[in-house]
Chemist: 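Dropping the structure in here first, questions after.
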Number of protein chains: 2
Amino acid sequence: MRISDLIAEYIIKVVAEENGSALLSRSELAERFRCVPSQINYVLTTRFTPEHGYTVESRRGGGGYIRVSRVQMTRDRLIMHVVNTIGSQLDAASAAAFLSNMRQAEVISDEEYRLLAAALSDQALAAAADKNIRDMLRASILKRCLLQLT
Amino acid sequence: MRISDLIAEYIIKVVAEENGSALLSRSELAERFRCVPSQINYVLTTRFTPEHGYTVESRRGGGGYIRVSRVQMTRDRLIMHVVNTIGSQLDAASAAAFLSNMRQAEVISDEEYRLLAAALSDQALAAAADKNIRDMLRASILKRCLLQLT
DNA sequence: ATAGTCAAGGTCAAGGTTGGTCAAAGTCAG
DNA sequence: CTGACTTTGACCAACCTTGACCTTGACTAT
């Protein structure tokens, strides 16, 4: 049984409950899980790195603390930018350009690119005879999908 | 009989009992079959490859483990089956069921699942006022996307 | 102000617990 | 006898846990 995983699980839960940013006490955590305080540092450095989507700030001394926050990744920012740029309609050419750019910037993977390209293709949307409707569909489908990647 | 075959047989049995995915301990297996631990690796690498229909993940250190999972029917076969099952129209509930099943069967990844669910949602397709049109769109979008995964 | 105290958190290395690798030696069918 | 497959064991790598010792900062007595 790995204590580190239990601790990590607990921190993740608290951060989620606290809306993305939690104030913790190393000694309290150590006591709660009956481990040495330094184990908390181990958990933080191995499981709460930026790569894992978290940042950790702390302060020593009286009233010290450890703050664990979920970080908003670059990818998310880029995605949000695109989402905000898309209007209520999106023609096939513009959609292709967006996808190509995002692929280029590695905001989306090759597989995601292909999936989205297929979903936004004129063929996939052929059931909507009206071009304006198709363009509206493209915009809303792309937006919803991109938001899912957040 | 060869020890390797006994070990393989045992692992196959456990994986089957555990519903396709078993958590094993190399040292326990080695002890059970009175062999050196590395023989377990030999068995795994020679008899539990993707070609054999299995995947193996593992982790070292305290609380380490070896997970052996049976690989699902080939992705492409399942995908084609789904594509052929989908008619010309697909309502939201049916689409959700298809996606859920494919996710469960690991035919699609979690990310693909979320993307597709977003793309096929009634909200994404709201621009098509007519339900029949929406259902047609859902069918063609799903089909085209699934074929992209082939 | 200054220095001392004490309550935080930080570092690091040692030791423990798994699983991984590789090559030598063994076995066995053809 | 030979080549493919199997078995072993020495050595390696990854991950986890613990504890001794260090640093920082708020507070307090002088």
Side-chain angles (χ1 to χ4, degrees), chain A residues 1-18 20-71, chain B residues 1-18 20-71:
Chain A
M1 167 63 46
R2 242 172 331 219
I3 285 194
S4 288
D5 287 342
L6 295 176
I7 298 171
E9 187 181 319
Y10 175 76
I11 294 176
I12 288 171
K13 191 192 78 184
V14 173
V15 170
E17 286 173 357
E18 299 295 320
S21 183
L23 216 48
L24 305 166
S25 150
R26 189 178 78 145
S27 52
E28 267 183 25
L29 285 174
E31 192 172 352
R32 173 188 295 267
F33 291 99
R34 275 145 223 205
C35 66
V36 290
S38 61
Q39 178 134 24
I40 305 303
N41 296 84
Y42 174 73
V43 172
L44 291 173
T45 56
T46 56
R47 293 153 160 80
F48 292 88
T49 65
E51 292 73 29
H52 288 93
Y54 290 86
T55 52
V56 177
E57 317 156 76
S58 66
R59 194 168 177 184
R60 309 185 185 189
Y65 63 82
I66 293 177
R67 168 171 240 102
V68 180
S69 311
R70 198 161 37 204
V71 77
Chain B
M1 192 178 200
R2 269 169 308 210
I3 287 202
S4 287
D5 288 339
L6 293 175
I7 298 171
E9 187 181 314
Y10 175 76
I11 294 176
I12 288 171
K13 191 192 78 184
V14 174
V15 169
E17 286 173 357
E18 298 296 319
S21 182
L23 217 46
L24 305 166
S25 150
R26 189 178 79 146
S27 51
E28 268 184 23
L29 285 173
E31 193 172 351
R32 172 187 297 266
F33 291 98
R34 282 139 221 261
C35 66
V36 290
S38 60
Q39 178 133 23
I40 305 303
N41 295 84
Y42 174 72
V43 172
L44 290 173
T45 56
T46 57
R47 293 154 161 80
F48 291 87
T49 65
E51 291 71 35
H52 288 93
Y54 289 87
T55 54
V56 177
E57 319 155 76
S58 67
R59 192 167 174 184
R60 310 183 186 189
Y65 62 81
I66 294 177
R67 179 188 291 287
V68 180
S69 309
R70 188 165 48 206
V71 136

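What you see is a predicted model; the values in this text were computed from it and never measured. The figures that follow rest on heavy atoms only: side chains count, while hydrogens, waters and symmetry mates do not. Below, chain A is the first sequence line, B the second, and so on; all start at residue 1.
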Chemist: Considering residues at least two apart in sequence or located in another chain, which fulfil the ring pair (Phe, Tyr, Trp, His ring centres under 6.0 Å) criterion with A/Y42?
Modeler: none

Chemist: Do the side chains of B/T46 and B/S4 get nearer than 4.5 Å, heavy atoms only?
Modeler: no

Chemist: Report the distance from atom CG of B/N41 to atom C1' of D/dA10, rounded to the nearest whole Å.
Modeler: 14 Å

Chemist: Using a cut-off of 4.0 Å between protein heavy atoms and nucleotide atoms, how would you tag nucleotides 11-24 of chain D 5' to 3' with B, S and -?
Modeler: --BBBBBBB---BB

Chemist: Quickly work out the B/I66 CD1 to C/dT18 C1' distance and round it to whole Å.
Modeler: 9 Å

Chemist: Distance check: side-chain N/O of B/S58 vs OP1/OP2 of C/dG20, anything under 4.0 Å?
Modeler: yes

Chemist: Given side chains that start at C-beta, do those of A/L6 and A/M1 come closer than 4.5 Å, heavy atoms only?
Modeler: yes

Chemist: Below 4.5 Å, heavy atoms only, C-beta onward: do B/S58 and B/L24 meet side chain to side chain?
Modeler: no

Chemist: Expressed in angstrom and rounded to an integer, what is the separation of A/I40 atom CD1 from C/dG9 atom C1'?
Modeler: 11 Å

Chemist: Find the distance B/I7:CD1 to D/dC5:C1' and express it as a whole number of Å.
Modeler: 14 Å

Chemist: So do A/Y54 and A/L44 actually touch side chain to side chain, heavy atoms under 4.5 Å?
Modeler: no

Chemist: Rounded to the nearest angstrom, tell me the gap between atom CG in B/L44 and atom P in C/dT21.
Modeler: 11 Å

Chemist: Send over the distance from B/R26 CZ to D/dG9 C1', rounded to a whole Å.
Modeler: 11 Å

Chemist: Counting only side-chain nitrogens and oxygens, does A/S27 get under 4.0 Å of the OP1 or OP2 atom of C/dG9?
Modeler: yes

Chemist: Taking atom P of D/dT8 as reference, at what distance in whole Å does atom CZ of B/F33 sit?
Modeler: 13 Å

Chemist: Determine yes or no for a side-chain-to-main-chain donor-acceptor pair under 3.5 angstrom, with A/R47 supplying the side chain and A/A8 the backbone.
Modeler: no

